[in-house]
Protein chains: 2
Amino acid sequence: MTGSETRPPTLEQVANYAGVSRATVSRVINGVQTVDPELRRTVERAIAATGYVPNLAARSLVTRRTDSIALVVSEPENRGYETPFLTRTFTDPYLGRVTAGAQEVLRPLGIHLVIFLADPPAREHVMRYLRQGHVDGALLISSHVDDPLPGQLVDLGVPCVLSCRPGQPVHTSYVDVDQRAGVRMAVDRLAGLGRRCIATITGPLDMPAAQDRLAGFRAAVAAHGQTHAPYVEGDFTRGGGERAARALLASHPDVDGVFVANDLMADGALRVIQEAGRRVPDDVAVIGFDDSTAALECHPPLSTVRQPVEEMAGEMAQLLLTRIREPGRSPRSVIFNPELILRASA
Amino acid sequence: MTGSETRPPTLEQVANYAGVSRATVSRVINGVQTVDPELRRTVERAIAATGYVPNLAARSLVTRRTDSIALVVSEPENRGYETPFLTRTFTDPYLGRVTAGAQEVLRPLGIHLVIFLADPPAREHVMRYLRQGHVDGALLISSHVDDPLPGQLVDLGVPCVLSCRPGQPVHTSYVDVDQRAGVRMAVDRLAGLGRRCIATITGPLDMPAAQDRLAGFRAAVAAHGQTHAPYVEGDFTRGGGERAARALLASHPDVDGVFVANDLMADGALRVIQEAGRRVPDDVAVIGFDDSTAALECHPPLSTVRQPVEEMAGEMAQLLLTRIREPGRSPRSVIFNPELILRASA
DNA sequence: TTGAAAGCGCTAACAC
DNA sequence: GTGTTAGCGCTTTCAA
C-alpha cells in the first residue's frame, strides 16, 4: 500500500506466524501431500495474512529450474531487407500463432513463456540471458541458413528446439512442415486449373524454408511438363510481395498462375496484379502459403497451403520439455503435413 | 561439448583455479576497479579456462536486482473482437516500435527486455512472474479503460510505467502523445482542403486513446463549423477499417474527408473507398494516425499524424529506471507532441 | 508427519 | 588491494 521500503515476507516469517517450521511451509507451498490437513490450513492462512510470495531466485538457486522457457526469434545479421527486423517480426501473424501454440501446452504446466528478439544488436544480450540460467530451455525461431545461434546455444548446453530444418546440421530437435509436399499441392491445383505459365515468388533464398519451397516448386512444375520455372525472390513481407509481383509481371507478362511462398507477399502480389488490370483468378490464379489471418483479409480471399503453426509450436514445446527432462535422449524431429485450402484466388 | 550431466563451474572453482579468493573473482566479474591489473588478468584467464558463467539466481538472491525488465502487453478480457488478441498484437507494427525504442535505452545499460503477452488465459501467470521478482519492473502496454492490471501491479509494489493515459487513476507514471492536438492537425488539414463532410473511424471506444481521439475529433470539426461529427467505431485492425469504411460509406455517402484513428484501419478504409469507385484524395481525403510502416504501404501513401512511438518507449524505460532506483519519488508523466506527415492521401 | 540443519552460488561488509 | 565471513531465501536430506 505505502511506499515499500520494507522487504517482502519470507518463508521464515510465514513459518513463525503459523508456528511451524520452514520445511512445513515449503511443503505446503509446493503441494507436497504428506502434510496434516489442519496444519496445511493454518499455513495457508498465514500465507494469506502475510501476503507471502516465494522468492524465485532463492528457489531456483537450489532446484536449478526456473519454470520458464524462452521463445527466441533470431536473425543473424542485418542483410539489408527493406523492412527492419522488428517491424517484420511484429507485422507477420506468424509469431502470434507460434506464441499461442506454445502457451497452450506450457501454461497448464505452470511454465512461463518469455519472448526475446535477437537481432544483431540484441543477440549477445539474449545469449547471456540464456546462458545465465534464466530459463530452462529455448524455442528457437531461426530462419537463416547461416545463423550461428542454434549451434552456439547447443554448445553451451542450453536445451533447444528449432522451428524448422536448420541450415547447418545441429545436434537438436526441430519441427517442420513438409514444404515440398505443400508446394506440390499448390502447383497441382494451378495446373489443374489449366495454367500453362506458372511462376513463383520466393522468400529470401538464404532461408531453408524458402529454399525448400523453391526446390519443391521446380520439381512440381517439371512434373507437369513446364520446362522453365520462373521465379522472383521476395522477402516474406507485404511490400516485398508487391515489388516481386511487379518484377514478375514485367519479366513474364504471360504468367497465368503464381505460387507465392507466404500469405503476406501474396496479399501484396494480389494488389499489384489487379492494379495492373488482370483479374484474379481468371487471368492470374494465385496461391499462398501459411494460411495465416492475412489470407482471409486478401481481396479476393486467398487460396493457400495451410501450415498448422499452432500445433507445430505446441509440439516444439513438448519436445523441449522432454529434452529438458531427459538431456541424454537423442533429438527427435517432427514433420507435419500441409493442407491445401481453397478460397477465391485459385 | 559432451552431454552435460556435470554442473557448470562456480565462482569458487574459478577462484581455486586462479589461486585467489572468491571475493577477488567476484570483483573482476563485476568490474570493480580496485584490483591489481596482473591479478585481474590471471582471473580472466581462469574464467576463460573454466568456461565460467555467473549464476544469476545466486546473484540476484543477494543483490535483489535481476537487471531485466518486462514489457507486458495486456488485455483485460476477451471482448469479442473479430481478430484474437495475439493476432492483433503481432500484426500491428506498434509493438515492434515500442520494443525498438525501449531496447535502445536498456541495452547499453546491460538490462534485458523480456516480452509478455497477458491476455486473459495468461494474465495470472504473468502476474505471478512479475510478483516473484523475476524482473525489476514493467513497461505496461495496457490500452483498456477497465484493465485492472496496472492497479494490481502498483499495489503489489512492482514498479511500472504505462504507455498511455490510464483509464482509471493509478499511482504511477505514464507516457502519452497529445492526442487531441494530433487529431486537430488532421482535421485542420482536411478542412483546409475544403472538405465539408468530415467523418472519423474510431478505435475501440473502451480504450482511452480511442476516446481521446474521438473527443478531439468532435472538438476539431466543431471549431470548423461542422455541426455533426459522424463516426463509426473500428477495432484498430486492417479488417476492422474495411468494415467501418463500408458502414461509413453506406450511412454517409456524401463524406469527403475521413480521419482514421490509426494507420492500419486507414489502409483497410483506403481499399474499400477505392473499390467503391471513389478517388483518393480527390473524392475522399483520408488521414491516419501513428505514422507506422503501414502508412507507407498504403495505396496511395497515407497522410498521417505521427506519434514518436520509439522515443516514447525510450522515455518509458527511462522513467521506469528512475522509479526503480528511487521508489520514493512521486510519479511523473510525459506528453509528446504529434506531427502531421503529409503524403498522397490528403 | 514434522523439524533441524546443511547447503545452493553469490555479494558485501569488514578486517588485514 | 585482498581475503574472511556472514548471510540472501529457499529446498531437501536426515532424524525424530
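Both backbone and side-chain heavy atoms feed into the values below; hydrogens, waters and symmetry mates do not. Chain A is the first sequence line, chain B the second, and so forth, proteins listed ahead of strands; every chain is numbered from 1.
Across all strands, B/R22 comes closer than 4.0 Å to base atoms (heavy-atom distances). Contact annotation for A/L39: backbone-only contact, meaning every heavy-atom pair under 4.0 Å involves sugar-phosphate atoms and none involves a base.
The side chain of B/T10 places no N or O atom within less than 4.0 Å of a non-bridging phosphate oxygen (OP1 or OP2) of C/dG9. Side-chain nitrogen and oxygen atoms of B/S21 include none within less than 4.0 Å of the OP1 or OP2 phosphate oxygen of D/dT4. Between A/S26 and D/dT11 there is a side-chain polar atom (N or O) within less than 4.0 angstrom of OP1 or OP2.
Summarising the geometry, the separation between CG on A/L61 and P on C/dG7 is reported as 14 Å, rounded to the nearest angstrom. In this structure, the CG atom of A/L11 is 19 Å from the P atom of C/dC8, given to the nearest Å. Here the P atom of nucleotide D/dT4 and the CG atom of B/N16 are 11 Å apart, to the nearest Å. Here D/dT11 presents its C1' atom at 10 Å from CZ of A/R27, a figure rounded to the nearest Å. Protein atom CD of A/E38 is 14 Å distant from nucleotide atom C1' of C/dT1, rounded to whole Å. In this entry the distance linking CZ of A/R65 with C1' of C/dC8 reads 14 Å, nearest Å. Residue B/R7 contributes atom CZ, which lies 15 Å from atom C1' of C/dC10 at whole-angstrom precision. Rounded to whole Å, atom C1' of D/dC8 lies 16 Å from atom CZ of A/R59.
In this structure, B/L162 and B/D176 have side chains that are not in contact, with every pair of non-hydrogen atoms separated by 4.5 Å or more. Within the 4.5 Å cutoff, side-chain heavy atoms of A/L11 are placed close to those of A/S26.
The main-chain N or O of A/R332 is found under 3.5 Å from a side-chain atom of A/S173 such that the two form a donor-acceptor pair.
Between B/T24 and B/S21, the side chains place a donor N or O and an acceptor N or O closer than 3.5 Å (distance only, hydrogens not considered).
The listed nucleotides are D/dC10, C/dT1, D/dG3; the one nearest the side chain of A/T34 is C/dT1. Here the side chain of A/Y52 is nearest to one of D/dG3, D/dC10, C/dG3, namely D/dC10. Checked against C/dT11, C/dC10, D/dT12, the side chain of B/N55 finds its nearest nucleotide in C/dC10.
Under 3.5 Å, the side chain of A/R64 and the base of C/dG9 form no donor-acceptor pair of N or O atoms.
Place B/D36 and A/L56 on DNA chain D by their nearest nucleotides, and B/D36 ends up nearer the 5' end.
One finds no salt bridge joining A/R41 and A/E44 here, because no Lys/Arg side-chain nitrogen approaches an Asp/Glu carboxylate oxygen to under 4.0 Å.
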